[in-house]
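What follows is a single structure, written as structure tokens, with notes after it.
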Amino acid sequence: MKPIKRLWLIEFLREFYEKLVGKLPLPKINPNILSLLSIAASILFVVVFGISRTVGILVLLSAILLDGLDGAVARKWRGAFRTSEEAGYCVDLYSDRLSEGIIFSVFFIPWFPLFAANCLLSFFGAGARRHIVLPLRGVFLFWLLLFGSA
Amino acid sequence: MNTLFHFFFNYLVVSGAFGIPVAREEILIILAASTFIDIDHLAYIIRKRRLLAKFNRRLGPESHSELHELFGLTLFSAFFLAAYFLGWGLVAKISALCFVLHLAVDFASGKTRPLRPFSRELVYFLHLSIRKKVIFEILMTLAAGGAFLLLWLG
């Protein structure tokens with residue numbers, strides 16, 4: 001299997017972020033479980049947002065943070081779990097798209113077309129062994145914070 | 001996960017996300033959107049029925065097609081988007097949510113190859129024997145069914 005290539009800027013930011021997060025006392029937990037929790041948080045977000053926007057935004061933030069933590073946890077505890085790097089990448093990429101799909105099925109316009117584009121990028125990116133995706137949930141969170149509604 | 005669980009679970013999430021009560025037509029949409037993708041299991045069973053009967057094989061990740069994975073997500077997201085712009089707004093939204101939830105539940109509870117056909121890497125979170133898996137599915141379906149009934153009657 002060829003290694004996954006990322007854009008140099010993304011790679012630089014990712015390494016910087018993971019160095020920063022790597023200094024934190026990260027729990028010894030399978031990073032794939034964190035990706036799964038990110039999907040669960042997305043489901044909770046779409047249910048809770050209609051009841052309390054503040055709690056909804058906090059849940060969305062936790063989904064994004066959980067997704068961001070899995071890479072750092074995987075690097076810190078490399079070799080501690082019986083999962084390959086390839087499996088970790090599959091889980092990370094697919095769970096990100098599922099999480100986005102759940103959120104943007106509810107907040108459809110203008111987000112769902114961007115999600116569909118992200119799926120295309122992920123699919124063809126996986127074929128070309130290049131990681132090119134749009135950070136949609138982060139942008140959506142800023143959108144919610146700035147405008148208060150989607 | 002079984003089709004009944006998908007329906008109960010999707011109903012609960014859709015009613016939470018889009019508001020209660022869910023109208024009768026919307027229940028039909030949830031039912032259809034939660035179950036149609038499982039037709040690819042059926043295609044596998046028909047194709048491999050002799051093999052399944054002879055060797056008592058389980059319905060593993062090979063029993064569902066790429067439609068249960070990133071390829072299907074990409075394909076159907078374009079389909080739901082087209083449905084939305086053709087004027088089927090709520091139908092597209094509910095169907096998209098049910099479809100993605102179906103994939104998410106199957107991803108969490110079963111074995112998948114998410115990046116097929118580009119990667120054959122098999123990923124799973126639960127590795128249970130057939131007996132334990134059946135008990136797990138029954139318990140989960142009963143729990144989701146109970147919550148569904150509570151919401152339906154309440």
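The sequence lines fix the lettering, A, B, ..., with proteins before strands; numbering per chain opens at 1.
- In the hydrophobic clustering of ILVMFWY residues, with side-chain heavy atoms under 4.5 Å counting as a link, A/I51 and A/F49 come out apart.
- Using a 4.5 Å cut-off between heavy atoms, B/V13 contacts chain A through both its backbone and its side chain.
- One finds the CZ atom of A/F115 at 7.5 Å from the OG1 atom of B/T74 (value rounded to the nearest 0.5 Å).
- Highest contact tally toward chain A, considering only B/L81, B/L75, B/V123, is held by B/L81 [criterion: heavy-atom pairs under 4.5 Å].
- No chain of hydrophobic side-chain contacts below 4.5 Å, direct or via other Ile, Leu, Val, Met, Phe, Trp or Tyr residues, connects A/L58 to A/I103.
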> After noting the C-alpha distance and the side-chain angles of A/V46 and B/F18, does the key distance pass the side chain to side chain contact (heavy atoms under 4.5 Å, CB included) rule?
Replying inline: CA-CA 9 Å; A/V46 296; B/F18 292 104; over 6 Å; no
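- Contact count against chain B (heavy-atom pairs under 4.5 Å) is highest for A/A87 among A/S99, A/A40, A/A87, A/A117.
- Within the 4.5 Å cutoff, the side chain of B/F85 has heavy atoms near those of the A/I109 side chain.
- Rounding to the nearest 0.5 angstrom, the gap separating the OG atom in B/S77 from the CG atom in A/L120 is 7.0 Å.
- The cluster map of Ile, Leu, Val, Met, Phe, Trp and Tyr, joined by side-chain heavy atoms under 4.5 Å apart, puts B/L28 and B/F7 in different clusters.
- Residue A/L93 touches chain B through its side chain alone, counting heavy-atom pairs closer than 4.5 Å.
- There is no path of hydrophobic side-chain contacts, each under 4.5 Å, that joins A/F112 to B/L86.
- Annotation: B/F107 is in aromatic contact with A/Y94 [ring centroid separation under 6.0 Å].
- Using a 4.5 Å cut-off between heavy atoms, B/F9 contacts chain A through its side chain alone, with no backbone atom that close.
- A/V106 and B/A17 get closest at one heavy-atom pair: CG2-CB, 3.9 Å.
- Here the side chains of B/Y124 and A/N32 are not in contact, with every heavy-atom distance at 4.5 Å or above.
- Of the residues A/L98, A/I39, A/I43, the one that meets the side-chain contact (heavy atoms from CB on, under 4.5 Å) test with B/L101 is A/I43.
- Minimum heavy-atom separation, A/R97 to B/L73: CB-CD2, 3.6 Å.
- Interface residue A/I102: backbone and side-chain heavy atoms are both found under 4.5 Å from chain B.
- Between chain B and the residues A/A116, A/G50, A/C90, the largest count of heavy-atom pairs under 4.5 Å involves A/C90.
- In this structure, the portions of B/F80 lying under 4.5 Å from any heavy atom of chain A include both its backbone and its side chain.
- Both the backbone and the side chain of B/F71 have a heavy atom closer than 4.5 Å to some heavy atom of chain A.
- Neither B/F5 nor B/I39 shares a network with the other; the hydrophobic side chains, linked directly or stepwise wherever heavy atoms of I, L, V, M, F, W or Y lie under 4.5 Å apart, form separate groups for each.
- Residues A/V91 and B/F125 have side chains in contact (heavy-atom distance under 4.5 Å, counting atoms from C-beta outward).
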